[in-house]
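Let me begin by presenting the structure, written as structure tokens, before commenting on it.
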Amino acid sequence: MTTGHNQAVIEIRRAGEDDWAALREVRLAALADAPEAFSSTYAREVAFDEAAWRERLTRLGRATFFAQVSDGGPVIGMVAGKRGPHGPADDRELVSMWVNPSMRGQGVAGPLIDAVADWAREQGARTLSLWVLGDNVPAQIAYARAGFTPTGQRQPISDGGRLSEACMIRPL
């Protein structure tokens with residue numbers, strides 16, 4: 001999938017096992033940028049070895065997608081899809097969404113979301129759900145633009161309950 005914006009061509013591609021170093025780089029950047037948005041920490045994941053990163057890219061029922069500038073350019077965004085742990089069997093969950101701050105508002109999020117939606121449809125899913133920080137209004141707007149609506153479900157995150165996440169869903 002390719003999208004053009006401001007003379008740069010943004011390519012969306014599914015990451016494979018050999019992309020482990022790129023996944024490590026972008027995931028650590030995401031954790032450094034927005035530690036509250038992920039269910040992990042930079043300190044925890046910086047210690048992962050190559051095998052752990054490769055395993056993330058080969059887990060059954062999961063797909064990771066990268067956004068890159070031009071052919072082989074740097075990874076500027078990522079997202080993953082997985083089987084929903086709490087939802088119905090025909091639901092998939094969008095997780096680990098992150099776009100480099102320098103590229104936010106540049107049309108990167110939509111194609112990443114679409115890549116996961118396409119993957120979910122191929123898996124036979126009828127819905128795509130996600131959890132977003134309740135105070136992350138820019139992300140909520142991007143998800144709403146991509147067809148997600150709030151379900152009204154909320155859950156605390158592991159910071160002592162100060163922050164919570166809101167569930168959003170999109171029919172496929």
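- Val26 and Ile12 are not part of a single hydrophobic cluster, where members link through side-chain heavy atoms under 4.5 Å apart.
- Scanning for salt bridge (charged side-chain N to carboxylate O under 4.0 Å, His left out) contacts around Arg154 gives an empty result, with sequence neighbours left out.
- By the side chain to side chain contact (heavy atoms under 4.5 Å, CB included) test, Ala120 is found to be paired with Arg92, Ala125, Leu128, Leu172, residues two or more places apart in sequence or in another chain being considered.
- Note: the hydrophobic cluster containing Val108 also contains Val132 (ILVMFWY, side chain heavy atoms under 4.5 Å, direct or indirect links).
- Looking at every heavy atom in both residues, Leu31 comes nearest to Ser40 through CD2-O, 3.9 Å.
- Pairing each heavy atom of Leu57 with each of Gly16, the nearest pair is CD1-O, 3.1 Å.
- Separation of atoms CG (Asp118) and CD (Gln123) is listed at 12.0 Å; rounding is to 0.5 Å.
- Ile113 and Ala142 make their closest contact through CD1-O, 4.4 Å (heavy atoms, listed as atom of the first residue, atom of the second, distance).
- For the pair Ala22 and Phe66, the tightest heavy-atom approach, listed with the atom from each and the gap, is CB-CE1, 3.9 Å.
- In the hydrophobic clustering of ILVMFWY residues, with side-chain heavy atoms under 4.5 Å counting as a link, Leu112 and Ile76 come out together.
- In the displayed structure, Arg121 atom CZ is contacted under 6.0 Å by more than 12 heavy atoms of other residues, nucleotides or ligands.
- When the side chains of ILVMFWY residues are joined at heavy-atom separations under 4.5 Å, either directly or via intervening members, Trp119 and Leu130 end up in a single hydrophobic cluster.
- The two atoms that bring Met78 and Ala30 nearest to each other are CE-CB, 3.9 Å, heavy atoms only.
- For the atom pair Ser39 OG and Trp131 CH2, the distance stands at 11.0 Å (nearest 0.5 Å).
- With sequence neighbours left out, Asp19 forms a side chain to side chain donor-acceptor pair (under 3.5 Å) with Arg13.
- Each side chain to side chain donor-acceptor pair (under 3.5 Å) pair with one or both residues in residues 53-65, not counting sequence neighbours, appears once here: Asp18-Arg54, Glu45-Arg56, Glu50-Arg54, Glu55-Arg59.
- Taking all atoms of both residues into account, the shortest heavy-atom contact from Val46 to Arg24 is O-NH2, 3.1 Å.
- Counting only residues at least two apart or on different chains, no salt bridge (Lys or Arg N to Asp or Glu O under 4.0 Å) pair has a member in residues 138-151.
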Tabulate below the donor-acceptor pairs under 3.5 Å that side-chain atoms of residues 96-104 make, not counting sequence neighbours, or state none.
unit_1 : atom_1 : unit_2 : atom_2 : d
Ser96  : OG     : Arg27  : NH1    : 3.3
Trp98  : NE1    : Asp33  : OD2    : 2.9
Asn100 : OD1    : Ser102 : N      : 2.8
Asn100 : OD1    : Ser102 : OG     : 2.8
Arg104 : NE     : Val99  : O      : 2.8
Arg104 : NH2    : Asp33  : OD2    : 2.5
Arg104 : NH2    : Val99  : O      : 3.0

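- With sequence neighbours left out, Glu25 forms a side chain to side chain contact (heavy atoms under 4.5 Å, CB included) with no residue at all.
- Rounded to the nearest 0.5 angstrom, Ser129 OG and Leu94 CG are separated by 8.5 Å.
- Note: Gln155 CD to Glu165 CD = 5.0 Å, rounded to the nearest 0.5 Å.
- Side-chain contact between Asp91 and Arg83 is absent, with no heavy-atom pair separated by less than 4.5 Å.
- Evaluation of the side chain to side chain contact (heavy atoms under 4.5 Å, CB included) rule for Thr41 yields Ala43, Arg44 as partners, not counting sequence neighbours.
- One hydrophobic cluster holds both Val69 and Val79 under the rule that ILVMFWY side chains link at heavy-atom gaps under 4.5 Å.
- Residues satisfying the side chain to side chain contact (heavy atoms under 4.5 Å, CB included) criterion with Ala21, sequence neighbours excluded, are absent altogether.
- Among residues two or more places apart in sequence or in another chain, the ring pair (Phe, Tyr, Trp, His ring centres under 6.0 Å) test is passed with Phe148 by Tyr143.
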